[in-house]
Amino acid sequence: MILRRKRQTIPVLWGSVSLRLSAVSVVLLVTAALAVGFFFDRGRSEALRQRELEHLRLHAERGADELAHLVRRLQWDVLFLSATPPIEGISRALVGGGTDYVGGSSLAQWETRLQQIFLAFARARPEYAQLRLIGTRDGARELVRVDRTAEGLRVTPPDELQRKGDRYYFREASRLAPGMVYFSRTDLNREQGVISTPLQPTLRVATPVHDATGNLFAVVVLNMDMGQAFEGVASYRDPAETLYIVDERGDFLLHPDPSVAFAFEFGEPFRLADAFPDHAERVLAVRPGGGTYFELPGDDGARLAYATVRDFDPSDATRRLIVILTEPTDQLLE
């Protein structure tokens, strides 16, 4: 009887081991599947994050390239205009007391020809708000001026031409050698010394013009409406992205809050260090053509930011424009 009981228990014991091995195998398979799934999801999330980071970087870089291109073209255009025949004719007519000693054209005729060239350039460059030839006589009175107005392009009549001898961009350009270009800082346009309304962010380039004897007789000045230039930068961003533009001093030229942009014009500067105190120093240290990521806290959630820098003034390596683009960090996980 005892032997029969032992024989009956043997298959039961083997069956128990087999079940245990099967259970262990199932557990291992499930664990492996969960681990594979975990690492797959983790890898997929990381790939999506990297894709979004690159997406943000490309938008900022392309916008910064657009801004740099517009500024470089402004420089080329002012040099081209300064060498046009009407400016040389105006110079000779001023020396000749109102008549060009080469060909006999009057000062008024040469001014009309230059007005037509300015008008043609303004039509081709919708971001140009103002084109001027400013003489050195009579308190640096404007000789020719074309403005972009709400009604369209307008040639300024003689009785409305202004004296600009006290404006910093005229004084600075007057000191330059032939062929050099002065870049103003980007600030707000002024008429008769008063900030224009509506506010118009403006970058001026100016180059001196000398007569046949080598004496300075005028300065060519082009004003670019930086509001339009900033719109070009903004066209590269997604709706969820927020754009900031800052100069080398850290002053905001573009900010989601309009009251912050150009605050320095109203006596109360608000700079990058005020908005992003933990990151301003690093952003301002980025070299031209380089970029950096950083994260910004906020009441509406954290935002990831990318900043890239462009220089634009060949005569001053410190002059820079900084483009900063941000997006919500939860956007990276969608």
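Note that the coordinates shown come from a computational prediction; the quantities given were computed from them, not determined experimentally.
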With rounding to the nearest 0.5 angstrom, report the [atom1] to [atom2] distance, [X] to [Y].
{"X": "Glu327", "Y": "Leu53", "atom1": "CD", "atom2": "CG", "answer": "8.0 Å"}
{"X": "Arg132", "Y": "Arg204", "atom1": "CZ", "atom2": "CZ", "answer": "7.0 Å"}
{"X": "Asp65", "Y": "Thr308", "atom1": "CG", "atom2": "OG1", "answer": "7.5 Å"}
{"X": "Ile134", "Y": "Arg141", "atom1": "CD1", "atom2": "CZ", "answer": "12.0 Å"}
{"X": "Leu107", "Y": "Ile90", "atom1": "CG", "atom2": "CD1", "answer": "6.5 Å"}
{"X": "Glu61", "Y": "Leu325", "atom1": "CD", "atom2": "CG", "answer": "10.5 Å"}

- Message: Strictly below 4.0 Å, N to O, side chains only: are Arg51 and Glu54 in salt-bridge contact?
- Response: no
Give a yes or no on whether the backbone of [Y] and the side-chain of [X] come within a donor-acceptor separation of less than 3.5 Å.
{"X": "Arg163", "Y": "Asp138", "result": "yes"}
{"X": "Arg148", "Y": "Pro126", "result": "yes"}
{"X": "Thr149", "Y": "Gly152", "result": "yes"}
{"X": "Arg171", "Y": "Asp166", "result": "yes"}
{"X": "Glu265", "Y": "Leu188", "result": "yes"}
{"X": "Thr99", "Y": "Ala93", "result": "no"}
{"X": "Asp257", "Y": "Ser259", "result": "yes"}
{"X": "Arg320", "Y": "Val286", "result": "yes"}
{"X": "Asp274", "Y": "Arg271", "result": "yes"}
{"X": "Arg154", "Y": "Arg145", "result": "no"}

Testing the 3.5 Å rule here: is there a donor-acceptor pair between the side chains of [X] and [Y]?
{"X": "Asn223", "Y": "Tyr169", "result": "no"}
{"X": "Asp247", "Y": "Thr186", "result": "no"}
{"X": "Ser105", "Y": "Asp100", "result": "no"}

- Query: Ring centroid separation for His255 and Tyr244, is it under 6.0 angstrom?
  - Reply: yes
- Measure from the ring center of Phe183 to the ring center of Phe312 and say whether it is less than 6.0 Å.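 Centroid distance Phe183-Phe312: below 6.0 Å, so yes.
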- Query: With a cut-off of under 6.0 Å to the ring centre and 45° to the axis, is Arg249 in cation-pi contact with Phe264?
  - Reply: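 No, Arg249 does not lie over the aromatic ring of Phe264.
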- Within 45° of the ring axis of Trp110 and under 6.0 Å from its six-membered ring centre, is that where the NZ or CZ of Arg113 lies? yes
- Given the rule in the side chain to side chain contact (heavy atoms under 4.5 Å, CB included) test, do Phe217 and Ile87 qualify, once you have shown the distances and angles that lead to the verdict? CA-CA 10 Å; Phe217 94 93; Ile87 290 183; 3.9 Å; yes
- Shortest non-hydrogen contact from Ala60 toward Tyr306: CB-CD2, 3.6 Å
- Task: Indicate the atoms forming the closest heavy-atom contact of Ala206 with Val221, along with that distance.
- Result: CB-CG2, 3.9 Å
- Query: Among Arg237, Glu295, Arg303, whose side-chain hydrogen bond (donor to acceptor under 3.5 Å, both in side chains) with Thr326 holds?
  - Reply: Arg303
- Query: So Val71 and Arg310, side chain to side chain contact (heavy atoms under 4.5 Å, CB included) or not? Walk me through it.
  - Reply: CA-CA 10 Å; Val71 175; Arg310 296 293 183 275; over 6 Å; no
- Note, Pro314 side chain near Gln75 side chain (heavy atom, < 4.5 Å):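 Contact flag for Pro314/Gln75 side chains = yes.
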